[in-house]
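Quick notes on the structure that follows.
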2 protein chains.
Amino acid sequence: MKKFEEKTIHSQEIFSGKIIRLQVDDVELPDGKTAKREIVKHPGAVAVIPINDENKIIMVEQYRKPLDRSLFEIPAGKLEYGEEPLVTAERELEEETGYAAGNMEHLISFYTSPGFADELIHLYIATDLKRIDNPKIGDEDEFVELHEITLQEAIQCVNDKRIYDAKTAYAVLYLQLRMAMSSNE
Amino acid sequence: MKKFEEKTIHSQEIFSGKIIRLQVDDVELPDGKTAKREIVKHPGAVAVIPINDENKIIMVEQYRKPLDRSLFEIPAGKLEYGEEPLVTAERELEEETGYAAGNMEHLISFYTSPGFADELIHLYIATDLKRIDNPKIGDEDEFVELHEITLQEAIQCVNDKRIYDAKTAYAVLYLQLRMAMSSNE
């Protein structure tokens, strides 16, 4: 779907970093006028809902420098160049929680900030979890603390405004929707 | 909450645009090591769920240059400098749909991309809608098409992967949660 497409006249790369790139495009609008678009290019990411044997979701508490605060989130991480999202999901689950998933299923994908960034997150659910003896340690610069909560507690956290992260809040409500639909079948 | 806080050693501004700014920070990690953080600063935004007299949600279809595709979204827009989110919500509703809300209620706020950006979206629900005779036309460079769908149709769109935008999908499921909770009271 490209309704109201904006054709690129000129694209200037402003920054190319370890994670994101920034470009400013001059575009032609549907009415023939021109405008500038500030665009953050992101490699894409995965997020994983890990469900343990007690039917609890494993959440991570993590400091986020852009916000200068820590957040409760589901495990997540960005794709390495050319990596299949499923591989990223398995790696991030291991690195952040120390678990491997006997079953890893793709649920849905979504854009997080379509106004200024192309980040696409692929959401997975991980079940049949096995603890790994010597899990890979992820990014050396990543510090997380694990919490295990039920789906009902997670929904309560969304409602109480204790979950501030959109992908986590959406994942929790999507999981609830999915369970409600499967119980109605 | 600042668990695992990363202290800024040095911050360099890379770009300051019309909408976003980009900075690269050198930070000190909890273990005393250092790392770089690429941070997009965003003014924040609002998103509005407009419910019309037929109990339908007014959605906008809009081209998004970062994705090179159009998306179905709820009306949304960024805060002007120093603007109260409620004022932004009323303005964006008028500009994108031509309606004024007799009732505009804040539902929840959330971070869209905490790994690399500080964008915070404030979600509102707009009811008691009145059509405005000569609505303000918003950004000259914004082209949208309106669609009216029921909440059940919107949930179906989330499930069918026709809604790809995280804020819209989350808003739809959050509205459903809220209605389910109020009907249980």
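Labels below follow one simple rule: chain letters A, B, ... track the order of the sequence lines, proteins then strands, and each chain is numbered from 1.
Within the 4.5 angstrom heavy-atom criterion, atoms from both the backbone and the side chain of E145(B) approach chain A. Using a 4.5 Å cut-off between heavy atoms, I19(B) touches chain A through backbone and side chain atoms alike. Contact of I121(A) with chain B is not made at all, since no heavy-atom distance falls under 4.5 Å. Using a 4.5 Å cut-off between heavy atoms, E119(A) contacts chain B through its side chain alone, with no backbone atom that close. For chain B, the nearby parts of T8(A) are the backbone and the side chain; heavy atoms of each come within less than 4.5 Å. Contacts between R69(A) and chain B at a heavy-atom distance below 4.5 Å involve backbone atoms as well as side-chain atoms. Heavy atoms of D25(A) lying under 4.5 Å from chain B belong exclusively to its side chain. Contact of I20(A) with chain B is made through backbone and side chain together, with heavy-atom distances under 4.5 Å. For chain B, the nearby part of E73(A) is the side chain; its heavy atoms alone come within less than 4.5 Å. When heavy atoms are compared at a cutoff of 4.5 Å, L22(A) approaches chain B solely by way of its side chain, counted from C-beta outward.
Ring geometry for F116(B) versus H42(A): interplanar angle of 30 to 60°, hence tilted. Aromatic ring pairs are classed by plane angle as parallel below 30°, tilted from 30° to 60° and perpendicular above 60°; the pair H106(A) and Y124(A) is perpendicular.
Note on E38(A), K18(A), K2(A), K41(A): by heavy-atom pairs under 4.5 Å with chain B, the leading option is E38(A). Top candidate by heavy-atom pairs under 4.5 Å with chain A, chosen from P30(B), A35(B), A76(B), G77(B), is P30(B). In terms of heavy-atom pairs under 4.5 angstrom with chain A, the leader among V40(B), D68(B), I14(B) is D68(B). Contact count versus chain A (heavy atoms, under 4.5 Å) is highest, among Q23(B), K65(B), K36(B), for K65(B). With chain B as the partner, the residue from Q176(A), K3(A), R64(A) showing the most heavy-atom pairs under 4.5 Å is K3(A). Here Y111(A) is the residue among F15(A), Y111(A), F110(A), Y174(A) with the most heavy-atom pairs under 4.5 Å with chain B. In terms of heavy-atom pairs under 4.5 Å with chain B, the best-connected choice from A171(A), A117(A), P114(A), A45(A) is P114(A).
For the side-chain contact (heavy atoms from CB on, under 4.5 Å) test with I51(A), the passing option among D53(A), I49(A), V48(A) is I49(A); the others fail.
The line from CD of E6(A) to CG of D26(A) is 11.5 Å long, rounded to the nearest 0.5 Å.
Side chains of Q62(A) and E142(A): a donor on one and an acceptor on the other come within 3.5 Å.
The cluster map of Ile, Leu, Val, Met, Phe, Trp and Tyr, joined by side-chain heavy atoms under 4.5 Å apart, puts L146(A) and I149(A) in different clusters. If you chain together hydrophobic residues whose side chains sit under 4.5 Å apart, Y164(A) and V144(A) never meet in one group. Cluster annotation: L175(A) and L129(A) are assigned to distinct hydrophobic clusters (Ile/Leu/Val/Met/Phe/Trp/Tyr, side-chain heavy-atom contacts under 4.5 Å, transitive).
The number of heavy atoms from other shown groups lying within 6.0 Å of NZ (K7(A)) does not exceed 12.
The heavy-atom pair separating R91(B) from K78(B) by the smallest distance is NH2-O, 3.8 Å.
At a threshold of 4.0 Å, the pair K136(B)-E96(B) does not count as salt-bridged, since none of the basic side-chain nitrogens sits closer than that to a carboxylate oxygen.
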